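Here is the structure we will look at.
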Amino acid sequence: MRLPVFHASLSPHAWTGQPMNAPRLTRRFAPVEMAATSSAGHSDEHVLEPAASATVLFVDQSGQLGGAELSLLPLAERCAARSEVLLLSDGPFRARLEALGVRVRVTSNANVAAINREALRPGWLRALPGILAQVRTIAAQAKRFDVLFLNTQKALVLGALGKPLHRRPVIWHVRDIMTRDHFGRVQLHIVRWLVRHVTDQVVANSRASADALIALTGLPADAVPVVHNGIDARTFAQVDASDIRALRHRLGLPQDAWLAGLFGRLAPWKGQHIALEALARLPGVHLVLVGAALFGEDDYAQALRQQADRLGIADRVHFAGFRDDMPAWMKAMDLILHTSTEPEPFGRVIIEGMAASRPVVAAAAGGVLEILRHRENGWLVQPGDVPGFVEAIDTLHLAPAFARQLASQAFSDVQRHFSLDSYLRNMTRIIAHTARDEPSADR
Ligand code: UDP
């Protein structure tokens, strides 16, 4: 499969054949040979590994373990011999990277870290000195590498702004659905400008993320390659789930209860409150919430406990906190639930649930629609539709053979379409390609 690769530079020339408001880009189609996944789930072995020679500086704004960081982990490991990760905040992500042999640096600034969707305007003024310092730090580090890979939005801003200093090609991994539903006008404007004028390559984690970026920036529709996250299903198959009772005992979960597990950080848009509402109408079901408030959503975490009390279901709701051993936790469940109220840019928890051979019930929006097919390899419900979630969970609870059938199809699909191997090959190909096509003059 050959996918187009998009390059933009600071060219003053308008791109001919485009409307007046199209981005002023020099654009080349330089197709990348993408790894195809065989029906057995393994990429073509004859495709050569291309990242062998490119050196990469990865930048990520978070030290916490969210989806962005967990998908960077295996990529940074794959590139470890010739790369480094620069974190803009310290946290457990650093230790996880180091344990895999990845070199890590941390450059943190409390004022920059405090800028978020809500506090963009007051935040950035206060943080200006810190922003400038971080732009300079990233640029100084980037000069030691062939290519700069920016894994999050804040990393995009700080890494791309320093391009006149580092003069390295910039890749942005788009992992958000960049629309007004989710982001402020100013934030969208900044991203739009940086992508149109500074970034050399973008790669999206889903068609949903790619389409939103294309609509925002006016990039040609074929300019944003999509590389879905991949996981190693073998780590799930290795969990000895033959004795679920023993596994539940080890994890401190109720023994004989029928368990629906919702995995993800506690945050309003992840919709744990929707799951609690549904649970109140499902007397025979327990809910396990696996995840913590990673980015300051402690009030929401508290509100969930109060909601469980108010609904009289506290004895059937189990707050497990953040956990590292996802395969075991997923295998200990009877069903995996996903209740995000906003379109999920991708949804790693869904492919993990599929790899655990569990039936997945998920909110039908965003990247989820690229993974699940209703009643074929999972069950889709409209976001926020509490009766819809009740019906889905109840049906799968009462029809275990059907639940097993969905899970079995899901396991086969995840191996075929979301393998870690394909993800790594395609990402490393894009990195190598960008490094090769944008040689830096001052190395
Ligand atoms: N996760 C984890 N421990 C937890 C809860 C979640 O390791 O206690 C992981 C989960 O397995 C998944 C990731 O966090 O790999 C969340 O990624 P997803 O794409 O679902 O959501 P995001 O964090 O990107 O919004």
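Predicted model, so just to flag it, every value in this text is computed and none were measured.
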Short side-chain to backbone donor-acceptor contact, [X] and [Y], under 3.5 Å:
| X | Y | result |
| --- | --- | --- |
| S206 | P345 | yes |
| S340 | E342 | no |
| T434 | Q201 | no |
| T199 | L194 | yes |
| T217 | L213 | yes |
| R207 | G367 | no |
| R373 | G378 | no |
| R94 | L97 | no |
| E69 | G66 | yes |
| R103 | S83 | yes |

(request) Could you verify whether a donor N or O on one side chain and an acceptor N or O on the other, from R175 and S71, lie under 3.5 Å apart? (result)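 Indeed, the side chains of R175 and S71 share at least one donor-acceptor pair under 3.5 Å.
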(request) Apply side-chain hydrogen bond (donor to acceptor under 3.5 Å, both in side chains) to T55 and R144, showing your working. (result) CA-CA 8 Å; T55 63; R144 300 167 38 233; over 6 Å; no
(request) Output every pair passing side chain to side chain donor-acceptor pair (under 3.5 Å) with a member in residues 251-268, not counting sequence neighbours, ordered by first then second residue. (result)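 Applying side chain to side chain donor-acceptor pair (under 3.5 Å) to every pair that reaches into residues 251-268, excluding sequence neighbours, yields R245-D256.
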(message) Enumerate the side chain to side chain donor-acceptor pair (under 3.5 Å) contacts for residues 288-307, please, sequence neighbours excluded, ordered by first and then second residue.
(response)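 Found H273-Y300, E277-Q307.
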(request) Please test D60 against S62 for side-chain hydrogen bond (donor to acceptor under 3.5 Å, both in side chains), starting from the C-alpha separation and ending with a verdict. (result) CA-CA 6 Å; D60 191 293; S62 177; 4.8 Å; no
(request) Identify, with sequence neighbours excluded, every residue that meets side chain to side chain contact (heavy atoms under 4.5 Å, CB included) alongside E391. (result)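 Residues passing side chain to side chain contact (heavy atoms under 4.5 Å, CB included) with E391: W379, T395.
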Supply the atom-to-atom distance [X] [atom1] to [Y] [atom2], rounded to the nearest 0.5 angstrom.
| X | Y | atom1 | atom2 | answer |
| --- | --- | --- | --- | --- |
| L337 | L262 | CG | CG | 5.0 Å |
| L148 | I431 | CG | CD1 | 11.0 Å |
| I138 | L161 | CD1 | CG | 9.5 Å |
| I274 | D385 | CD1 | CG | 9.0 Å |
| D413 | N377 | CG | CG | 4.5 Å |

(request) Quick one: closest heavy-atom pair of Y423 and N229, and the distance? (result)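 Scanning both residues, the minimum pair turns out to be CD1-CA, 3.9 Å.
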(message) In the structure I gave you, are the side-chain heavy atoms of V174 and V203 within less than 4.5 Å of one another anywhere?
(response)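 V174 does not reach V203 side chain to side chain.
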(message) Within the structure provided, determine whether Q153 and V191 are in side-chain contact (heavy-atom separation under 4.5 Å).
(response)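 Sidechains of V191 and Q153: in contact.
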(message) Determine whether D394 and R281 satisfy the following criterion, salt bridge (charged side-chain N to carboxylate O under 4.0 Å, His left out), listing intermediate values before the conclusion.
(response) CA-CA 10 Å; D394 205 31; R281 303 183 202 177; over 6 Å; no
(message) Do the side chains of R168 and D200 get close enough for a salt bridge, i.e. N-O under 4.0 angstrom?
(response)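 So R168 does not pair with D200 through a salt bridge.
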(request) Look at E344 together with K270 and state whether they make a salt bridge at an N to O cut-off of under 4.0 Å. (result)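 Yes.
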(message) According to ring pair (Phe, Tyr, Trp, His ring centres under 6.0 Å), who are the partners of H228, at least two apart in sequence or on a separate chain?
(response)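 Only F346, F418 meet the ring pair (Phe, Tyr, Trp, His ring centres under 6.0 Å) criterion with H228.
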(request) State which residues pass ring pair (Phe, Tyr, Trp, His ring centres under 6.0 Å) with F149; sequence neighbours excluded, sorted by chain then number. (result)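 Residues passing ring pair (Phe, Tyr, Trp, His ring centres under 6.0 Å) with F149: F58, H173.
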Sequence neighbours excluded and cut-off under 3.5 Å, please list the side-chain donor-acceptor pairs for residues 317-334, or say none.
residue	atom	partner	partner atom	Å
H318	NE2	H286	ND1	2.9
R323	NE	A320	O	2.9
R323	NH2	A320	O	3.0
D324	OD1	R96	NH1	2.8
D325	OD1	W329	NE1	3.1
D334	OD2	R248	NH2	2.8
D334	OD2	L259	N	2.7

